[in-house]
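One structure is given here, and the rest of the page talks about it.
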Amino acid sequence: MSNATDGPKRSQFWALYLTRFAEGFGFITLLTLLPTYINALDPQAVTVLGVTVSAGFVIGMYTTGFTLAQTAAVVPLAWAGDRFDKRRVLLAVLVAGAGVYALFPLVDSSATFVAVRALQGFVVTGAGLMTLSLVGQIAEAGTRADKIGKANAASFAASILGSLGAGAIYDAVGFGPVFGVITALMVAAWLVTWGVLDDDPTRIEGFPFTDLAVNRKLLTISTFRAQYAFAVTMVRTWVPIYAGTAVGGGGLAVGATAVAVTVTAEKATNMVGQLFTGRLSDAYGRSLFVFGGGGAYGVIAMAIPFSAPIGAALGSGVTVPVLGALPPAYLPLVCLSGLLGVADSFREPASMALFADEGTDDGGVASSFGIRELVWRPGSVAGPLIAGWLMVEVSMASVFYVGGAFAVTGVFAFLAILARDHGRAALTTW
């Protein structure tokens, strides 16, 4: 028999899923159009205070400016969510988001692009922290990974529509209308959140980060997550860059819509997977899914540079309506991108549910997710700088070799700590 609170709870979950959708749509649009911005703005080496900054560093800042702002926003936003009303914090972030996305059509240089991307980082961090914290808080203990997986699936659904829509709209009419759509989505998410979501009754005094920072489970998962951040940020960002940048720069030089398809392949498989893998994590534990998914991600990433020889062997160069003439490496790249999504769909809800479990049990679920974000930040800030340097100074392929290696070393460090603490049953203990 259903509980009387099931209806109101279900409507609140749907409101939060819509917010995840809006956040994901905005994030993926910028990721999809990143190679287009690189080509349009043509980053050059610059001299700042007598120090020459390379073009590769400027390209890295297109992503690192975003992640630096995310890093700065995590602690104050997470603290505000635990100390005050998460619903109100979320509403404020959505208002800010509508304004930020309206600024993107005004970008006309690398400096202004990096500045507006930084503002986007604040919005994405706030929306992500508050929605995931509220999903974890509202959900019952035995259903958290399932509900978080569904919230992530909503974000990935937006990623699919956003990447395809962004590429197609840009090819047809340019940047402006793309960001008009995102701004409208932010306004819609604000209206639904304001109308449906209940006030958050929890209030956490003090500074929850202090206790959670020494939580044993969070420290263990962080040994993996700190390294995995390099892998995902480098690989996920550079798959569309590889697809869309000029052949002279090591890319495939396909159009914006074709770039969108490579991004969509990863998002679609991740979305479908998380509809089921979260439930499996609730039933069988967290660590096995983190280890298996993270390790597979690294191996698949290191296979991406072999797209060209695989395509040449298969003779997969084709001409497709809308996408146009495609090089032989393109279809293998799309397949490998899809496999990245499959691998990550096993890892992500399990990892998120662990942070939700510990935050809810120890007090401060927003701070727990804040720690999750902070652990991610060094890799997400440094990863694009490393990848930009590797792309320019070494090769495009080296970005994927190094990014994949970070994932593999991360899962084995995680396994070593689990084995030390739990013996042969390490991967089935959590």
Side-chain angles (χ1 to χ4, degrees), residues 25 27-43 55-56 59-60 62-63 113 156 159-175 177-178 233-270 300-341 384 387-388 390-392 395-401 403-404:
F25 196 97
F27 174 80
I28 202 65
T29 296
L30 267 297
L31 182 60
T32 303
L33 295 179
L34 194 56
T36 305
Y37 270 108
I38 292 173
N39 292 334
L41 299 176
D42 190 22
I59 292 171
Y62 278 28
T63 296
F113 181 76
F156 287 125
S159 297
I160 294 169
L161 295 175
S163 57
L164 292 174
I169 295 171
Y170 170 78
D171 284 345
V173 292
F175 285 114
V178 176
T233 307
M234 294 171 71
V235 173
R236 187 176 288 168
T237 304
W238 254 259
V239 164
I241 289 175
Y242 174 38
T245 50
V247 174
L252 303 183
V254 299
T257 304
V259 170
V261 172
T262 65
V263 175
T264 299
E266 189 262 346
K267 301 302 179 186
T269 53
N270 205 333
I300 295 164
M302 288 188 281
I304 287 174
F306 296 96
S307 298
I310 292 171
L314 296 175
S316 57
V318 293
T319 299
V320 179
V322 180
L323 302 185
L326 301 171
Y330 178 76
L331 292 181
L333 175 64
V334 171
C335 292
L336 289 168
S337 182
L339 290 174
L340 288 173
L390 288 169
M391 172 184 165
V392 173
S395 68
M396 183 71 76
S398 66
V399 174
F400 299 104
Y401 296 142

So, taking the atom named CG in Leu34 and the one named CH2 in Trp238, what distance separates them when rounded to the nearest 0.5 Å?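 One finds 7.5 Å between CG of Leu34 and CH2 of Trp238.
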Distance check, rounded to the nearest 0.5 Å: Ile160 atom CD1 versus Asn270 atom CG?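 Here the interatomic distance stands at 9.5 Å.
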Quick check: do [X] and [Y] have side-chain heavy atoms less than 4.5 Å from each other?
| X | Y | answer |
| --- | --- | --- |
| Pro328 | Leu314 | no |
| Lys267 | Ile28 | yes |
| Phe156 | Thr264 | no |

Would you check if the side chain of [X] reaches a backbone N or O of [Y] as a donor-acceptor pair within less than 3.5 Å?
| X | Y | result |
| --- | --- | --- |
| Tyr330 | Ala258 | yes |
| Ser337 | Thr262 | yes |
| Thr269 | Ala265 | yes |

By ring pair (Phe, Tyr, Trp, His ring centres under 6.0 Å) - contacts of Phe25 (at least two apart):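 Phe25 satisfies ring pair (Phe, Tyr, Trp, His ring centres under 6.0 Å) with no residue once adjacent residues are dropped.
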Using side-chain contact (heavy atoms from CB on, under 4.5 Å), reason through Ile241 and Val399 one step at a time and then give a plain yes or no. CA-CA 11 Å; Ile241 289 175; Val399 174; over 6 Å; no
Can you check side-chain contact (heavy atoms from CB on, under 4.5 Å) on Val259 and Tyr242, steps first, answer last? CA-CA 9 Å; Val259 170; Tyr242 174 38; over 6 Å; no
Please name the pair of heavy atoms, one in [X] and one in [Y], separated by the smallest distance, quoted to 0.1 Å.
| X | Y | answer |
| --- | --- | --- |
| Pro240 | Val263 | CB-CG2, 3.8 Å |
| Val254 | Pro327 | CG1-CD, 3.7 Å |
| Met391 | Thr245 | CE-CG2, 4.3 Å |
| Pro332 | Ala329 | CD-O, 3.4 Å |
| Pro177 | Ile169 | CB-CG2, 3.9 Å |
| Ala303 | Leu336 | O-CD1, 3.7 Å |

Given the rule in the side-chain contact (heavy atoms from CB on, under 4.5 Å) test, do Leu390 and Phe400 qualify, once you have shown the distances and angles that lead to the verdict? CA-CA 10 Å; Leu390 288 169; Phe400 299 104; over 6 Å; no
